[in-house]
Amino acid sequence: MKKVGFIGWRGMVGSVLMQRMHEEKDFEKSFTPYFYSTSQAGLQGPEINGQQSPLENAFDIESLKALDVILTCQGGDYTNEVYPKLRESGWNGYWIDAASSLRMNDDSLIVLDPINKKSIDQALNQGIKNYVGGNCTVSLMLMALGGLFEQDLVEWVSSMTYQAASGAGAQNMREMLEQMLYLSEQSKTIIRDASSNILELDQLVTELTKTKEFPKKHFGAALTTSLIPWIDKEMPNGQSKEEWKGAQEGNKILGHQGIKIPIDGTCVRIASLRCHSQAFTIKLKKDIDISEVEDLIQNHNPWVKLVENQKQQTIDELCPTAVSGTLDIAVGRVRKMNLGKDFINAFSVGDQLLWGAAEPLRRMLNILLAQT
Ligand code: HSE
């Protein structure tokens, strides 16, 4: 029976992972779970199949060494600290990670099995031991446009993103709501006075976002009533690191050596809770009928939900509130662009915590358990 250690299972991504594992009855499969903590070792762990054990210490290399598989959602700092020590100690188990630290290493595969199951099987055969979840925006883009990539129809893609607060972390998600609460509380009398002057209300709210009481410790700016067109670090070429990941990780997942398909755009944080949206401009290698484009997108994987390019259906179904908490990858606004007959417009929405984070890891664990 394989021994599988879970680290960071109580954080936001980890909790979604646990929820999905329970929903899919993964814990009834044949492996022994061990739960670790970076701060509460010794306290009682979660009840699984009627059994509860004390939490193990997530920094105890000797304890980790006994595991066959480690699945961590603890974050990059943990990976950077513990992973090298564990490998140096001679541990040769499987490391499944939500953090980006090891993603671009040659001895790591980025996992997104509806896109790269063949690469995963090949990597397992070759003895690759590190399997890392991709950046959420990249995974969601590939899930949405997988049919076009699979047929090698894409010359390049521009992806302009609308990314949820959850991508920045649980504290940011809460801060976004705190911002809403602060503005609502401070301006509710004037909002509810239908005869109040809208420009005075606008001025009041804008000024409130600039006060020192306005909660912005985590974002450093207003997200509510505004947006932030920069995500992650600055890269020397003027891209944000989130934008850099598009081409780097996207091509790596597709199994390309180097940047075979250019992917670029502006990544923007908006006041959505947990769904990332993206507007695509896709340059195809040839002119194909729009109905064929739709078929390829829709039939690529069971999670794509094609939304007809029609106003009401788009408003109802192609938005974060419709997709949040589901595994759907909504894709719509599919049409030829005025830019030329081989230019396609599309818009997609996916849950950042599910296909964007926890689900590829859960599925990788299952692939491993089925295989070994
Ligand atoms: N970097 C993403 C974001 C998180 O900030 O939205 C998912 O990888």
Side-chain angles (χ1 to χ4, degrees), residues 8 11-17 20 71-80 96-104 108-112 115 131-144 159-177 216-221 223-224 226-235 239-253 263-279 320 323-325 327 329 348-364:
M12 187 162 54
V13 173
S15 302
V16 173
L17 176 77
R20 284 289 299 139
L71 197 166
T72 169
C73 301
Q74 184 67 36
D77 290 345
Y78 175 80
T79 299
N80 290 336
I96 305 178
D97 200 338
S100 64
S101 320
L102 308 177
R103 259 183 218 153
M104 296 308 292
S108 296
L109 194 84
I110 306 180
V111 289
L112 187 63
I115 301 292
Y131 295 88
V132 185
N135 167 268
C136 42
T137 324
V138 178
S139 298
L140 294 171
M141 172 184 67
L142 293 176
M143 290 294 290
S159 164
M160 310 301 261
T161 75
Y162 305 77
Q163 297 185 218
S166 61
Q171 288 177 317
N172 293 64
M173 215 169 153
R174 191 177 295 276
E175 184 171 271
M176 181 186 89
L177 295 168
K216 58 175 187 187
K217 181 174 153 207
H218 298 289
F219 281 117
L223 185 62
T224 302
S226 190
L227 56 77
I228 306 172
W230 198 288
I231 297 176
D232 211 333
K233 301 188 183 75
E234 292 176 88
M235 300 300 283
Q239 282 182 306
S240 69
K241 189 150 189 208
E242 188 78 356
E243 291 151 8
W244 176 86
K245 287 173 184 173
Q248 302 294 331
E249 291 189 23
N251 280 282
K252 184 170 176 177
I253 295 171
I263 300 167
D264 203 352
T266 304
C267 290
V268 181
R269 184 80 64 207
I270 58 140
S272 161
L273 277 166
R274 56 180 277 185
C275 278
H276 282 3
S277 305
Q278 306 183 55
V323 172
S324 186
L327 290 162
I329 303 288
S348 91
V349 184
D351 190 305
Q352 184 268 326
L353 295 173
L354 285 163
W355 273 117
E359 191 66 5
L361 304 181
R362 186 190 74 78
R363 292 171 64 90
M364 184 61 217

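Ligands are counted one by one from 1 in listed order, and the atoms in each one are counted from 1 as well.
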### Query
If you count the atoms of ligand 1 from 1 in the order shown, which ones are under 4.0 Å from a heavy atom of Gln352?
4 (C), 7 (C)

### Message
Which option wins on minimum heavy-atom distance to atom 8 (O) of ligand 1: Ser166, Ser240, Cys136, Ala165?
### Response
Cys136

### Message
I want to know if ligand 1 touches Gln163 in the polar sense, i.e. an N/O pair below 3.5 angstrom.
### Response
yes

### Message
Give me the atom names and distance for the closest heavy-atom approach of Phe219 to Asn172.
### Response
CE1-O, 3.1 Å

### Query
Lys245 and Asn135: which non-hydrogen atoms are nearest, and at how many Å?
CD-ND2, 3.5 Å

### Query
Thinking salt bridges, do Glu359 and Arg20 make one under a 4.0 Å N-O criterion?
yes

### Query
So, is Ala168 polar-close to ligand 1, with some N/O to N/O distance under 3.5 Å?
no

### Query
Donor-acceptor pair, Thr161 side chain versus Val268 backbone, under 3.5 Å?
yes

#### Entry: Donor-acceptor under 3.5 Å (Arg103 side chain, Gly133 main chain)
yes

### Query
Any nitrogen or oxygen of Glu242, main chain or side chain, under 3.5 Å from a nitrogen or oxygen of ligand 1?
yes

### Query
Can you tell me how far the CG atom of Leu177 sits from the CG atom of Leu223, to the nearest 0.5 Å?
10.0 Å

### Query
To which protein heavy atom is atom 5 (O) of ligand 1 closest, and what is the distance rounded to 0.1 Å?
Arg269 NH2, 2.7 Å

### Query
Do any N/O atoms on Gly356 end up under 3.5 angstrom from N/O atoms on ligand 1?
no

### Query
N/O to N/O below 3.5 Å, does that happen between Lys245 and ligand 1?
no

### Task
May I ask whether Asp232 places a heavy atom under 4.0 Å from ligand 1?
no

### Query
Taking everything shown except Asp77 itself, do over 12 heavy atoms lie less than 6.0 Å from its CG?
no

### Under-4.0 Å heavy-atom contact with ligand 1, by part of Ile231 that carries it
side chain

